[in-house]
Amino acid sequence: MSERTFLYGLSLKWAGTPFVEGLRSFFQRLAYTHNMKMYALWDLVHATYHVGIPRLGQLPAHELNGISICGDELRANLESATGTDLRLSTLMRFSSVLSSAHLLDPISDRYCPMCVGVSEFPEDIAGQLAWDVACVECCPIHGIMLEAPRCGALESEKIRARHCTLLPAVCFQCGSIGYHCRTNEVHAASSAQIWIAESVGRLVSMPLARSLNLSAGTLRIGLNDLLKARFAGSPVRAAQQCQFARATVRSWLFGESKPALHLLMILCFNAGADLASLLEGHYVAVPTPVGSIEYKRRSYSRSQSDRKKISHALNKASAMKNPPKRNELAEQLGVNPRLFRQLLPEESSKFAIARRDHVKRVKLEKREQFIATLQHTAESIAAEGKNVTRKRLLDRCGISIFPNSWRGPVLESFLRKYSPH
Amino acid sequence: MEITGPGGSLLDGNQQSTLLSKLVSEIVAKLDPELVGDKSAIPTILVEAYANGESRHSFRPLFEDMREQLFEPGITHKTYFEVSNGRLIANSARRETIPAIRKQVESALKYRKTRVCTIDEAYHMMRFGDDAAVMDTIKSMANKSGCHYFLAGSFDLVDFVKYSGQISRRSKLYHFERYFQDNKDDCAEFGLFVGKIMRKWPHEKHPNLRAIAEDLFDENFGCVGQLKSMLLEMSAMQFRNGGRWDYSFLTAAQKSIVAREVIAKEIRQGELKIKGAVSGKEFRWDPVKIQQMQKRMEGRL
């Protein structure tokens, strides 16, 4: 029995297809089948395998599916815990040819409204790896735009945080399976968006053995092939047609940098090339729809600066009763927030102190308000002739307390000191 | 599936469990060889529906034993998930209720690809409540997890099968019979068994019990388990006598007349109860009928 896996041998859904499940979805389903919440399973895995990061929240949720060392470490540990090969569930196998920058969409849990509504059983629905890729904006099967989770249920129908579950296709706020609580309409995707989704689908469905052969060398061969076929061998011409900076494509060919996936997609769209084949070293022509993919060039306006204007804004913010956050102020000014400390260290630290004092004041006010609420609620419970207990207080106040919340110790301290009048 | 027989018909308690476990493992290995190499699978489990002195039990201890046999991880981290009106609600406060533990067991049986769950001393489950409710629970668990259940125990198990058509339809009853004195093969085998035990006799001085195999057969009703208990007792007496054999041990190891009568009565009643209920033994279609059916199927009639 010592050879037995620690966790169930759950299989990865739709492996080898464009709809392959992502690692985060697999982990969530694994927790559900073990009758555990996701973070409880994480604590167990961390305690057993001593994974590098102690808290799952330290790693952005979407990074599990991307090119990240922590995500890969978790994948390896889950493989040994379940006996399931999970290399197809992340984009790590493309780390030799793709950059990790701008690879994944920062909104995790994007979903296709029609794909998730197929089953009433939560364990049957999986979150696809492609849904997390930033350049994928739609579902290639249904031709509709992916959506970020947004609960449309009434306040009275929403459930407490402690009753919620993190599962693909289950609303975190009301528990609706398949996001039937959504109220917004679906939007049709354009042909170009569907083309991109299909291309990424072909990429993630690449067999493992083939993806292990990918390298910077194969990418260069593929790029050269493509340039010869479509751009007369000129990387500058290719960059200009795609509205990139002139040296972008050249840097992929001769430099150390790896291309970002969304830039490669634009190049492939303009050249009518299959992305997966390009990475393997061949140019394979595929038909492209009518239309174009817009490439938003970086404006660099946030790197420009007017010292006087910034200094005035910082001093004004420092004197305010409720100073804004640093990033908010930077956005108002249209500059990079790092410039504050770089250009004006004194004003910047004065602003930081003012902001810190404000945050302290707000926290103190919240704490006092919380204690006042507890006092008022405790007195009303005592007036009914009932004992003032932790559960009764929380139920009456309509509050949930998370394990690391500041409210926990405040409540315990209140209960220790409280005595009815 | 139910496996039944007279008390002590096979072997003593530990060896019965070992035999059951081995038997079931071999069956599963033959029917589903892929599971043997699957590290995530636990193809068979064996639990005991033990009695603890109370007049009524619940399924909780049985479920907890099953959960332990399935090496379920993170028992203190569990949550009870409920699906109602298309919504999924997690309720950690209910994680140790019987429905929650049952759900954990069903999940484990399903995802660990457990093919057979053997419940030994299954007649103790009669104290879990209404027989119908007990069998309905087993039936429902079998449906949900896709696992087969072997219930092993004494003749009282037959009552479980006979209570409902649904259970009768889904189950088979197997009887590990005792040896019968009017059967020559049984007598020979019983004698061989006495010989096997004598080869392992733990003393220098071996009594020639093989010569009185017939009397031992009669004394123990052809039940090997009872024979073994008797011989163990004789061996213990020989130990206490400094390794010297004494023929008074034959008398001392005998059961009292009253005890013997009770055992004989139980065996008779049990074998009467089981008549017509055992799979593969007695049939409505006799050989003549089968021949006629064969002719009709081959178009010769």
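Side-chain atoms are counted along with the backbone in the values below, which use heavy atoms only and exclude waters and symmetry mates. It should be emphasised that the depicted structure is a prediction, and the values quoted were computed from it without experimental measurement. All chains are named by letter (A, B, ...) in the order of the sequence lines, taking the proteins before the strands, and each is independently numbered beginning at 1.
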Q: Using heavy-atom distances under 4.5 Å, tell me whether Glu82(B) contacts chain A through its side chain, its backbone, both, or neither.
A: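 The answer is neither part of Glu82(B).
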
Q: Quick check on Tyr32(A) against chain B: is it the side chain, the backbone, both or neither that has a heavy atom closer than 4.5 Å?
A: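 The answer is both parts of Tyr32(A).
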
Q: With chain B, which of Gly83(A), Ser176(A), Ser11(A), Cys171(A) has the greatest number of heavy-atom pairs at distances under 4.5 Å?
A: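 Between Gly83(A), Ser176(A), Ser11(A), Cys171(A), the count favours Ser176(A).
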
Q: Among Leu10(A), Asn35(A), Leu44(A), which has the most heavy-atom pairs under 4.5 Å with chain B?
A: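 Sorted descending by pairs with chain B, the first entry is Asn35(A).
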
Q: Does Glu384(A), at its CD atom, have more than 12 non-hydrogen atoms belonging to other residues, nucleotides or ligands within less than 6.0 Å?
A: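 Count over threshold, so yes.
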
Q: For Phe370(A) and Trp406(A), take the angle between the two ring planes, folded into 0 to 90°, and tell me which bin it lands in: parallel under 30, tilted 30 to 60, perpendicular over 60.
A: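 The arrangement is perpendicular - the two ring planes meet at more than 60°.
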
Q: Answer with side chain, backbone, both or neither: which region of Ala100(B) has an atom nearer than 4.5 Å to a non-hydrogen atom of chain A?
A: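 No part of Ala100(B) comes within 4.5 Å of chain A.
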
Q: For Arg162(A), which atoms come within 4.5 Å of any heavy atom of chain B: side chain, backbone, both, or neither?
A: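 The answer is the backbone of Arg162(A).
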
Q: Tell me which of these, Cys164(A), Ala31(A), Ala40(A), has more heavy-atom pairs under 4.5 Å with chain B than the rest.
A: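 Most pairs with chain B among the choices: Ala40(A).
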
Q: Between Val170(A), Leu7(A), Thr82(A), who has the most heavy-atom pairs with chain B when the cutoff is under 4.5 Å?
A: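 Going by pairs under 4.5 Å, I would pick Leu7(A).
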
Q: Quick one: do Asp72(A) and Arg75(A) make a salt bridge, cutoff under 4.0 Å?
A: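 Salt bridge flag = yes for Arg75(A) with Asp72(A).
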
Q: Please work out whether the ring planes of His34(A) and Tyr8(A) are parallel, tilted or perpendicular, with thresholds of 30° and 60°.
A: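 Parallel: the ring planes of His34(A) and Tyr8(A) meet at under 30°.
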
Q: Chain B heavy atoms under 4.5 Å from Glu157(A): which part of the residue, side chain, backbone, both or neither?
A: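 For Glu157(A), heavy atoms of backbone and side chain both lie under 4.5 Å from chain B.
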
Q: Nearest 0.5 angstrom please: Leu151(B) CG to Asp120(B) CG, how far?
A: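 Interatomic distance, Leu151(B) CG to Asp120(B) CG, rounded to 0.5 Å: 10.0 Å.
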
Q: Looking at Phe71(B), I'd like to know if the NZ or CZ of Arg4(A) sits under 6.0 Å from its six-membered ring centre while staying within 45 degrees of the ring's axis.
A: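 Yes, Arg4(A) lies over the aromatic ring of Phe71(B).
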
Q: So with a 6.0 Å cut-off around CG of Asn85(B), is the heavy-atom count from everything else above 12?
A: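 Counting neighbours around CG of Asn85(B), 12 or fewer heavy atoms of other residues, nucleotides or ligands fall under 6.0 Å, so no.
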
Q: Of the backbone (N, CA, C, O) and the side chain (C-beta and beyond), which part of Thr33(A) lies under 4.5 Å from a heavy atom of chain B, both, or neither?
A: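 Both parts, heavy atoms under 4.5 Å.
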
